[in-house]
There are 2 protein chains.
Amino acid sequence: MFSRAEENYLKAIYHLEQQIQGEVSTNAIAERMDTKPSSVTDMVQKLAEKEVLSYKKYKGTLLTPNGRKIAANVIRKHRLWEVFLVEKLNFQWDEVHEIAEQLEHIQSDELVSRLDRFLGNPDFDPHGDPIPDKHGNVKRTEKKLLSECDKNQRGVCVGVKETSAEFLQYLDKRKISIGTKIKVLGKEFFDGSMIIQVGGDQFFVSQKIAENLYVQTN
Amino acid sequence: MFSRAEENYLKAIYHLEQQIQGEVSTNAIAERMDTKPSSVTDMVQKLAEKEVLSYKKYKGTLLTPNGRKIAANVIRKHRLWEVFLVEKLNFQWDEVHEIAEQLEHIQSDELVSRLDRFLGNPDFDPHGDPIPDKHGNVKRTEKKLLSECDKNQRGVCVGVKETSAEFLQYLDKRKISIGTKIKVLGKEFFDGSMIIQVGGDQFFVSQKIAENLYVQTN
DNA sequence: TTTTATTTTTAGCCTTGTCTAAATATAAGG
DNA sequence: CCTTATATTTAGACAAGGCTAAAAATAAAA
């Protein structure tokens, strides 16, 4: 069993590994966890003992397959709870992180599996991030900003970057939400604006909008 | 803010106060929490400092109104989550305690209030225990066993004592669940069996059944 | 290649919540 | 009322996780 603190370290290292693509430094972990490097050293040594990560003094750490699986499971729970909070309790997308941060540590495989079913086995959380499956595998389909899409490209809305009430309301009005299919009909290089198709409608979006909407292309 | 451990002590003392009806002894707390009396002394002194309970050496403790409110709030969360687990995730009545024991410590008033609404503002948990309101007030309507009811008395099913699958299935078959209204039509003193009315049906229940079903009378 | 700057680790201390063993109150029995 | 039994508290220790300050490695610059 892993303590709350240990789970949080594993999760942080998991995320940093993906960002940095390689060994994760002590300082990087300390910064992300908002603790001191000395505390990180201690914990990382303990986790190396438990064989969930490999650690060489002064060289950084990498999760072992087992450590990666544990981290992915915490993230799975975090994202499933986020879906619950938004879909069932009608929280806004940007209000759920802190609460999910607590809920992700509840220990019960049965609970997770039932929650997953209750939510309809979602693939993405309300921010558009993929939910790892029970084995820790993630559908790794790069999400990108709508503004990075080319003309005629199709994608599925999987999340937002900015989460202001105004922006969410704008999306509501345009009937854009998680899972909405979007096709880029045209792109104006001068101001970065686009014409997109959503369902039967097609309309204009400014660069500001396009830069804050994540889509998953295939 | 109160730590998980502190919340658990407050909850335990709250329950003991109700059972014992008076000052709660150090040993009683230790037994209920499965810790040593010396640990209890330490914690109780700390909680007295925080003015959530009053404590006189060698004399036992009593919650202050503030302490009682905090305890009731933890219990409120526990019972709301139990309702969620049973009603929404289809857990059995007897499978939910451990998980609720974890969920009760999640900190977010907004979450609790939304959960409450999502569940339809329930008054009782799946075991028939009353759910305190947000101010810590409990509808104190003594629940009693069906077997303790007199002839012609009416009551509402609020829970069970035994939670075996067989018993729950029996209740299912007889369409008895939380909220079901029951009227005692007759009582046989020789073997403790009863004839009761449930909805349109009336049928016979053995003493064993009547001794494991809680009803709330008014 | 030295010297300086940065990163990382070590050493020692703190808090929380627990424990054991010993000391002290209170309660019970003769 | 005195003695034994039980309940409770104190004292000292420990593990988890964190911090500070100082030491040691590594990296960067001269």
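Only heavy atoms go into these numbers, but all of them, side chains included; no hydrogens, no water, no symmetry mates. Order of the sequence lines sets the chain letters (A, B, ...), proteins ahead of strands, with each chain counted from 1.
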List the atom pairs, donor and acceptor, that lie under 3.5 Å between side-chain atoms in residues 80-87 of chain B and the rest of the protein, sequence neighbours left out.
residue	atom	partner	partner atom	Å
B:W81	NE1	B:L103	O	3.4
B:E82	OE1	B:H127	ND1	3.0
B:E82	OE2	B:H78	NE2	3.0

Quiz item: B:S38 side-chain donor-acceptor pair to C:dT20 base, under 3.5 Å: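 Answer is yes: a donor-acceptor pair is held.
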Side-chain donor/acceptor of A:T26 to base of C:dT9, under 3.5 Å: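 Absent.
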Within 45° cone of B:F118 ring axis and under 6.0 Å: A:K88 NZ or CZ: no
Sole candidate of A:I209, A:N212, A:V184, A:I176 that passes side-chain contact (heavy atoms from CB on, under 4.5 Å) when paired with A:L146: A:V184
Residue closer to the 5' end of DNA chain D, B:S25 versus A:K57 (nearest nucleotide): B:S25
Nearest-nucleotide comparison on DNA chain D, the residue closer to the 5′ end among A:R4 and B:Q45: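 Of the two residues, B:Q45 wins.
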Please tabulate, one pair per line, each protein N/O and nucleotide N/O from nucleotides 3-6 of chain C that are separated by under 3.5 Å, including the distance.
none

Donor-acceptor pair, side chain of A:E7 and main chain of A:R4, under 3.5 angstrom: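 Answer holds: no.
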Under-4.0 Å side-chain N/O to phosphate OP1/OP2 contact, A:S39 with D:dG18: no
Distance test, side-chain N/O of A:Y58 to OP1/OP2 of C:dT10, below 4.0 Å: no
Can you measure [X] atom [atom1] to [N] atom [atom2] for me and round it to whole angstrom units?
X: B:E23; N: C:dT26; atom1: CD; atom2: P; answer: 14 Å
X: B:K50; N: C:dT16; atom1: NZ; atom2: P; answer: 8 Å
X: B:I29; N: D:dA7; atom1: CD1; atom2: C1'; answer: 13 Å
X: A:Y55; N: C:dT7; atom1: OH; atom2: P; answer: 16 Å
X: B:K59; N: C:dT24; atom1: NZ; atom2: C1'; answer: 17 Å
X: B:L47; N: C:dT16; atom1: CG; atom2: P; answer: 12 Å
X: A:D42; N: C:dT8; atom1: CG; atom2: P; answer: 15 Å
X: A:M33; N: D:dA16; atom1: CE; atom2: P; answer: 17 Å

Neighbour count >12 (heavy atoms, 6.0 Å) for atom CG, B:N121: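 Count over threshold, so yes.
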Heavy atoms from other residues, nucleotides or ligands near NZ of B:K59 exceed 12 (cutoff 6.0 Å): no
Without placing hydrogens or testing angles, list every side-chain donor-acceptor pair under 3.5 Å for residues 22-36 of chain B, not counting sequence neighbours.
residue	atom	partner	partner atom	Å
B:S25	OG	B:A28	N	3.1

